[in-house]
**Q** 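Below is one structure. I have some questions about it.
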Protein chains: 2
Amino acid sequence: MTGPRYTPLARSLPATVPFVGPETQERARGAPFAARLGANESVFGPSPKAIAALQGAAGDIWMYGDPENHDLRAALAAHHGVTPDHVVVGEGIDGLLGYLVRLLVGPGDHVVTSDGAYPTFNYHVAGYGGTLHKVPYVNDREDPASLFTKAADVDAKLVYLANPDNPMGSWHSGADIVAALDGLPEGCLLVLDEAYVECAPEGTAAPVDADDPRLIRMRTFSKVHGLAGARVGYGLAAPDLVLAFNKVRNHFGMNRAAQAAALAALGDTDWLRHVQDQIDAARTRIGDIARENGLAPLPSATNFTAIDCGADGVFAKAVLDGLIERGIFVRMPFAAPQNRCIRVSCGTPADLDALAAALPEALAAARRRSPEC
Amino acid sequence: MTGPRYTPLARSLPATVPFVGPETQERARGAPFAARLGANESVFGPSPKAIAALQGAAGDIWMYGDPENHDLRAALAAHHGVTPDHVVVGEGIDGLLGYLVRLLVGPGDHVVTSDGAYPTFNYHVAGYGGTLHKVPYVNDREDPASLFTKAADVDAKLVYLANPDNPMGSWHSGADIVAALDGLPEGCLLVLDEAYVECAPEGTAAPVDADDPRLIRMRTFSKVHGLAGARVGYGLAAPDLVLAFNKVRNHFGMNRAAQAAALAALGDTDWLRHVQDQIDAARTRIGDIARENGLAPLPSATNFTAIDCGADGVFAKAVLDGLIERGIFVRMPFAAPQNRCIRVSCGTPADLDALAAALPEALAAARRRSPEC
């Protein structure tokens, strides 16, 4: 008996995961992490109103969620000053990126991103057979001009830009992003990932005309809203593009309680400000810890800080391994030269106490292995 | 400025939804339904332990779910007497069907299902460019022999069979399904959708060798477990096929609280038996209501009953519309001759009181429009 006949594309793909989860690492090390600072989750948690909404919806979980996400889209539309026809809700930005790539990209199609930017986007491009082109970061920032020039060179159908950036935490002003759009080639869609924009200085969100057909902006409840485990993301785009998602999306894919929680989170602006304050404080503290250890924290417009470990990727990986061994879950950039850094998510004071205790030991151990660093 | 350049396949697809949600209908009619009996949800709700798990997980929702679904897969493996490598967990059977079709089906590939079987499967096949072939039901049952013969005729890569069936509620014994596998052509994978199997008589679940490469069995927490809004389904298949899902699935797509709720639901066999009893009672009552109105309930191994309205699809649709107008949410089969029926999900006694009150009026109204019926 033979097995299934996969498509040629499916046969060619590796069975990979863009990120290994912290639970996998905990099982491997046989102990939980003392501080979970690797996935840019919001340790400050969601709004108490969102928690109450989750708990209140538990008894209704026997019902499928509304496949139109009507109430959440209406609230998001009001929040952003657009219509619900400009809003597509999905299973996190990850899910929406998958749908978007599927709509645009097949074998022979070209896509552009930055070398070391979001691996899950790359995973989707590979998964639909696209050819991915990568341009370098410029001064630790994703560079719109480089991206759009490359897009023109390769006749790309899609280009990815995160602002603020992950994993470096860098950013451009929203006005600069909009100005750069003039360099985007005709027929190339920009996916502007603004997952972290609520952590950024005023003016970072791109002031885009809602009907602009050149881009889709991605937002999420997984970061500052503290609902990563709920899986709620959304895209803001011209209605034609929003409607196209209905051709391919899992219409009944949204968790009903998550819909309610996102709605509650969106409405709690006091909690948002509280979390923003906590993020500010944590970024300051992470910076202090880095400097106390002779390392250089990078400026951040996100809920994490990249810390330059002062040498190459091998050394930063040794520092990271030392932190992991000591119960501190962190991650690091995948590509040089950004991989001279480790990436530390904002934590509670207790989390950062644990980081402060572990980092000197991790550094010392890394230096024993690389005495020149 | 031009819009995005969609793939030829994406351009060819309609922006459809396999099912219109009841919330959409409620918004259209300006009032909530009195009885929600159209989506084969479990009005009896999930286990109280699952509700407690959801509520207990609310505070942890800031964390992404485990992308390996380790604990749930381990529990499911123990439950089914297989290894975790035989279990893939996903965002409902709908999500898993999408991944499966993606792995196997592209333009030019052939797929077989029954005429009037699960529309969401058809949606995925169309969405990946497959050519779908439909065979008729035989005596209101999906017919393995017809399906597998057609699969051989068209060199199908994938064939869909639900046992028990939706929308008719009919079933085959699991032993008959396994025996029929001898007629499945080489290189054709059977997706055996057992979403409703916990509602069926003993012996309905197909007694399949876990390593059999010819099929994947789909199961869900959306039906008898009462967690439709949580979006948790799983597939049981040979490890090679399970591993292939890792090439395309949304690794961080699972809701963290839903993982915990499914685990709790799986462990509560008392609640399962309670729900099975409620389903038995409700099926009996729906049958009585049908007969009191001169209609014929079909035997059911599911949590719903198809009621033969005694005429054609136009008449059944008129009965359905009459029920909808009177606040009773029900659905009906899409294809003839099954569409002589309406499909009524098991409800609480109050739900079925509402049905009993509305059905005579709906029938009378339908007969006024079609006096010959």
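A, B, ... follow the sequence lines: proteins, then strands. Residue 1 opens every chain.
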**Q** So, taking the atom named CG in B/N255 and the one named CZ in A/R256, what distance separates them when rounded to the nearest 0.5 Å?
**A**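 Going from CG on B/N255 over to CZ on A/R256, the span is 14.0 Å.
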
**Q** At a 4.5 Å cut-off on heavy atoms, which part of B/A244 comes close to chain A: side chain, backbone, both, or neither?
**A**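 Answer is side chain: those atoms of B/A244 sit under 4.5 Å from chain A.
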
**Q** To the closest 0.5 Å, what do you measure between CZ (B/F252) and CD (A/E91)?
**A**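 It comes to 15.5 Å.
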
**Q** Rounded to the nearest 0.5 Å, what's the gap from CG on A/D71 to CD on B/E23? Could you check?
**A**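 The distance works out to 9.0 Å.
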
**Q** Distance check, rounded to the nearest 0.5 Å: A/K247 atom NZ versus B/L13 atom CG?
**A**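 If we round to the nearest 0.5 Å, A/K247:NZ and B/L13:CG are 6.0 Å apart.
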
**Q** Can you tell me which of B/L104, B/L54, B/L9, B/V105 forms the most heavy-atom pairs within a distance under 4.5 Å of chain A?
**A**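 Ranked by contacts with chain A, first place is B/L104.
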
**Q** Sort B/A237 into side chain, backbone, both or neither according to what part of it lies under 4.5 angstrom from a heavy atom of chain A.
**A**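 The answer is neither part of B/A237.
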
**Q** Less than 4.5 Å apart, any side-chain heavy atom of B/W62 and any of A/L227?
**A**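 No, their side chains stay 4.5 Å or more apart.
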
**Q** Taking every heavy-atom pair that is under 4.5 Å apart, which of B/A238, B/P48, B/A230 has the most such pairs with chain A?
**A**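 Of the options given, most contacts go to B/A230.
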
**Q** Rounded to the nearest 0.5 Å, what's the gap from CG on B/N250 to OH on A/Y99? Could you check?
**A**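 Taking CG in B/N250 and OH in A/Y99, the distance rounds to 8.0 Å.
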
**Q** Would you compute the distance between atom OG1 of A/T7 and atom OH of B/Y128 and round it to the nearest 0.5 angstrom?
**A**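 One finds 10.5 Å between OG1 of A/T7 and OH of B/Y128.
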
**Q** Hey, does the side chain of B/R5 reach the backbone of A/A156 with a donor-acceptor pair shorter than 3.5 angstrom?
**A**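 At least one qualifying donor-acceptor pair exists.
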
**Q** Can you tell me which portion of B/F19 sits under 4.5 Å from chain A's heavy atoms? Options are side chain, backbone, both or neither.
**A**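 Contact with chain A involves both backbone and side-chain atoms of B/F19.
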
**Q** Check whether B/F44 gets within reach of chain A through its side chain, its backbone, both or neither, counting any heavy atom under 4.5 Å.
**A**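 Neither part, no heavy atoms under 4.5 Å.
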
**Q** Need one label for B/V232: side chain, backbone, both or neither, based on atoms under 4.5 Å from any heavy atom in chain A.
**A**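 Neither part; nothing is under 4.5 Å.
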
**Q** Should B/P4 and A/L103 count as side-chain neighbours, where that means a heavy-atom distance under 4.5 Å?
**A**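 Heavy-atom side-chain distance check fails, nothing below 4.5 Å.
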
**Q** Considering only heavy atoms from C-beta outward, does the side chain of B/L241 approach that of A/Y6 to under 4.5 Å?
**A**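 In contact.
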
**Q** Which region of B/R27, side chain (C-beta onward) or backbone (N, CA, C, O), has a non-hydrogen atom less than 4.5 Å from a non-hydrogen atom of chain A, or is it both or neither?
**A**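 The answer is the side chain of B/R27.
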
